[in-house]
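Notes for the one structure printed next.
Throughout, numbering of the chain's residues begins at 1 and tracks the sequence.
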Amino acid sequence: MVSEGAEGRRTRTLRAELALKTLTTDLDSRERLRRVLEQALVFAGATFAGVYTSGEADLLCLVESVGVPRTLYGLRDGYPASGGAPVAEVRRAGHPVWLGPEELAAGGDSRRLPTGEFHLAALPVRGGGCLLAVSEHPAGFDTDDRACLTLIAETVAIPVPDEAVAGEDLPAGSFDLAMDTGRVEVGGDILTLFGLGPDDFDGKVETLLGLTVPEDLPSLMSVVEADHMAIGDRELEFRVLQPSGPPKWLRLRGRLLPGGDGRPARLVGTVGDASQLRSGVNDVARVQRLAAALAMAGTVRDVSQAVVAALRKPLRADRIALAELEGDRLVVTVLDPPEPESWPELWRQEWRSEWPDAPVRTMPTLAAALREGRAAIWPAGTDLEPALAEVGPGGLAVLPLSAGGRVSGACLIGWDTPHVFGPDERALLTASAGLAGQALMRAHAFDAEHELVGMLQRQLLPRRLPKLPGGVAVARYLPTTAGLEVGGDWYDVIPLPDNHVALVIGDVQGHNAGAATLMGQMRTALRAYAVEGHPPDVVVSHANRLLIDLETDLFATCCYVDVDMEEGSAWYVRAGHLPPVLRHPDGRTEIPDLDGGPPLGVVTQAEFPMSPLRLQPGTVIALTTDGLVESKEADIDEGLDRLAHGLAVSDPAHLGLVADALLGNARREDDVALLLMRYDGLATRPRRENWTVWRVPEAARHARRFTKRTLRVWGVTEEVDTILLVVSELVTNALVHTDGPVRLDLTLVNHRFRVAVADSSPRTPVKPTSIGWEATGGRGILLVEAMSVAWGTVPVSGGKQVWAEIALDR
């Protein structure tokens, strides 16, 4: 409930009558009408009030309004005088109409109405017009509200329409725009404000619009395009670019004058320097600026900061807080000033890491205001609980932020010295609360969707990169800031047999769930093809055929690099993607300029040529997507040169810092993926030998003899019998259970001897669960498991490789 001190002892009707009588008579007719309508917001509990009057072509046109935007309630700028709208009915019948949600739902305009419930009042005014008011209170307009609206309707005086001015009599700050041709006549002062001379202006409105800040063009276009307008007054502020310094704020006030057929024909009005005009807090421009700021606010914190910036200075408040309502607690998102000492003791007790969250139950007056859902104002001296009284000892205003039928937060505004709440401030507070409530609900949805998108992206990308033999890899991913949609950029690091590593980076066309899903499929497919042991060109070719078989309209680009960590060499394949960038140990950078193949999913029988890379210990390989190197201001070649320069001046010893520095200047117009790997070389290089096993009766004996000779050359004397037994069993299994070639690979590294036998069968050997005395086979794998510290199988080029490792005790 609103408590207003000594004035609370009077009835609202008497106070409204007194306020209407005290309105100054030296105001112009339009300003006085606005002040009269504001009393409906203050004394009748209305959230919107407007006056309609007769225009040409049998129309009732809106001439003035206050409160929240009329579009929130589906109200029009004009109604046919012979139609069935409430304003037309009141004009014909001459008596008030009071409509509730049921009556509004049954009306002809019900399809234009929002889903929330509200009440509407229409009262006749002098001169054949109508006063229209809206209330969101569940009970609608009570007896006192109706009495106040009746007084206001009797006080309303329709302003005299502006006469069009043209030709040489056009005042210096005025303009006259022909809506059909776009030709405009302007006074000299307007040209000065736009920085134009009389000889520089061609008389076209497009010339003036081209000098404005692009972000303000939509609101200006809604004024100067006839198709977007209805008859009535318009007032807004916009910015014009200056040769130096920040843009200049200008204020436009205009009125559309109807033509002979009832459609707008001309727009006449004035343009002036906003700093030179009256800066009352009830100006439409204040609400317009807040609405513009809230339209750009994406998160709850952005909304809170926009409200604080829009209200504290014009209201000259000493402190302002915006909080979300979560259950029975107010969780503060923005405090101004931010120092704890500026806020009540209870708030400081509930202070968390950065902002407090205060229990609503300790502030029953605030809780009552939130339940009522209407702006509450308490002047100086009001008896309030300490948690509220210390916020505004000179006056306190609480704005419940509601939308969609529920309160989602509150804005508290406090003054230290006694503050008088005029109708101007009340109108601003009411309009700001409605705008902020809707923006807060949008921000909640934005935050929830942003978290969902982030979780999806994290699930599709690797959680962590593997440790590499002889190298270090780091990766970074930055989603675009242009929207919430998940992107199709991905990266991967795949350990392969024989100390090979595959580095993969790619980008699926688009920014949506389809692109993200396809990105997950391509990453999985490339990893599977790589682990099978295929060379880079075959891996990418298989992925290309898979993408074509998926019959999607999207395509993907990819760069695949197979690095041999033992030899310091690499082969890479490009499928419509950027080439890798190399930083050599001496600081030189290199961007290989070799041909690649088309993007994946475009050509069925595409060729993907392999290109070599030579690496030295200390070489850094950088793979990235086009979001890092391409922008509206620079092409890909310039971006790659910039990336190469960033690598050249970096310290590769701290690869994570290098990645962060390279992403520091990312423009974030697109997703950015970055993968860096520093090749250090193996501290101990493995010793390798291989033998092709021929299918002859004594094949196992030949394999043992080759193994024994190799052990003698390598100087291995430990576990010789164990190694020979494992070789014999693995070779025999391959010869007995498979067809095709068989290869024996021997590797010695770090006191571990590895035996691997590859064949052309993809079937993995099965270890028997039990073996009877009469069994003639099945003991080989059990022997290998018993004699080895580890064993397993890996797919290799359509077949498999069975391996076992034996520890050497040196």
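Nearest heavy-atom pair across Ala88 and Pro80 is CB-O, 3.5 Å. Residue Tyr79 comes nearest to Leu75 through the heavy atom pair OH-CA, 3.5 Å, listed as atom of the first residue, atom of the second, then distance. Residues Asp318 and Pro337 come closest through the heavy atom pair O-CD, 3.5 Å. Scanning both residues, Ala122 and Leu132, for their nearest heavy atoms gives CB-CD1, 3.8 Å.
Here the side chains of Phe175 and Leu252 are in contact, with some heavy-atom distance below 4.5 Å. Counting heavy atoms from C-beta outward, Asp176 and Val184 have side chains that stay 4.5 Å or more apart. Looking at Thr150 and Leu123, their side chains come closer than 4.5 Å, going by heavy atoms from C-beta outward. Under the 4.5 Å side-chain criterion, counting only non-hydrogen atoms from C-beta, Ile377 is not in contact with Leu396. Counting heavy atoms from C-beta on, the side chains of Leu193 and Lys248 come closer than 4.5 Å. A heavy-atom distance below 4.5 Å is found between the side chains of Leu20 and Gln39. Two residues are said to be in side-chain contact when any heavy atoms from C-beta on lie closer than 4.5 Å; Pro86 and Leu120 meet this criterion. Between Leu412 and Ile320 there is no side-chain heavy-atom pair separated by less than 4.5 Å.
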Checklist entry - When you look at Gln242 and Val240, which way does the side chain to side chain contact (heavy atoms under 4.5 Å, CB included) test go after all the steps? => result CA-CA 7 Å; Gln242 300 294 301; Val240 293; 3.5 Å; yes
Next on the checklist: Using the rule given for side chain to side chain contact (heavy atoms under 4.5 Å, CB included), can you reason through Leu37 versus Leu131, listing the C-alpha separation, both sets of side-chain angles and the distance that settles it, and then say yes or no?
Outcome noted: CA-CA 9 Å; Leu37 291 179; Leu131 168 66; 3.5 Å; yes
Checklist entry - Can you check side chain to side chain contact (heavy atoms under 4.5 Å, CB included) on Arg642 and Leu628, steps first, answer last? => result CA-CA 10 Å; Arg642 186 171 60 250; Leu628 180 62; over 6 Å; no
Next on the checklist: The test is side chain to side chain contact (heavy atoms under 4.5 Å, CB included); show your working for Leu241 and Val213 and say whether it passes.
Outcome noted: CA-CA 6 Å; Leu241 300 172; Val213 174; 3.8 Å; yes
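For Thr207 (side chain) and Gly203 (main-chain N/O), no donor-acceptor pair under 3.5 Å exists by modelled atom type. A donor-acceptor pair under 3.5 Å is formed between the side chain of Asp200 and the backbone N or O of Gly197.
We find the CZ-CG distance between Arg91 and Leu60 to be 5.5 Å, quoted to the nearest 0.5 Å. In this structure, CG on Asp641 lies 12.0 Å from CD1 on Ile636, to the nearest 0.5 angstrom. Note that CD1 of Ile152 is 10.5 Å distant from CD of Glu38, once rounded to the nearest 0.5 Å. Going from atom CZ of Arg32 over to atom CD of Glu64 covers 13.5 Å, rounded to the nearest 0.5 Å. In this structure, OG on Ser174 lies 6.5 Å from CD1 on Ile190, to the nearest 0.5 angstrom. One finds the CZ atom of Arg126 at 7.5 Å from the OG1 atom of Thr155 (value rounded to the nearest 0.5 Å).
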Solution key, residues 45-52 side-chain donor-acceptor pairs under 3.5 Å, sequence neighbours excluded:
{"unit_1": "Thr47", "atom_1": "OG1", "unit_2": "Tyr73", "atom_2": "OH", "d": "2.7"}
{"unit_1": "Thr47", "atom_1": "OG1", "unit_2": "Val134", "atom_2": "O", "d": "3.4"}
{"unit_1": "Tyr52", "atom_1": "OH", "unit_2": "Arg76", "atom_2": "O", "d": "2.5"}

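We find that Arg319 and Asp416 are joined by a salt bridge, their nearest charged nitrogen and carboxylate oxygen being less than 4.0 Å apart.
Only one option out of Leu177, Leu208, Val205 pairs with Val186 in a side-chain contact (heavy atoms from CB on, under 4.5 Å); it is Leu208.
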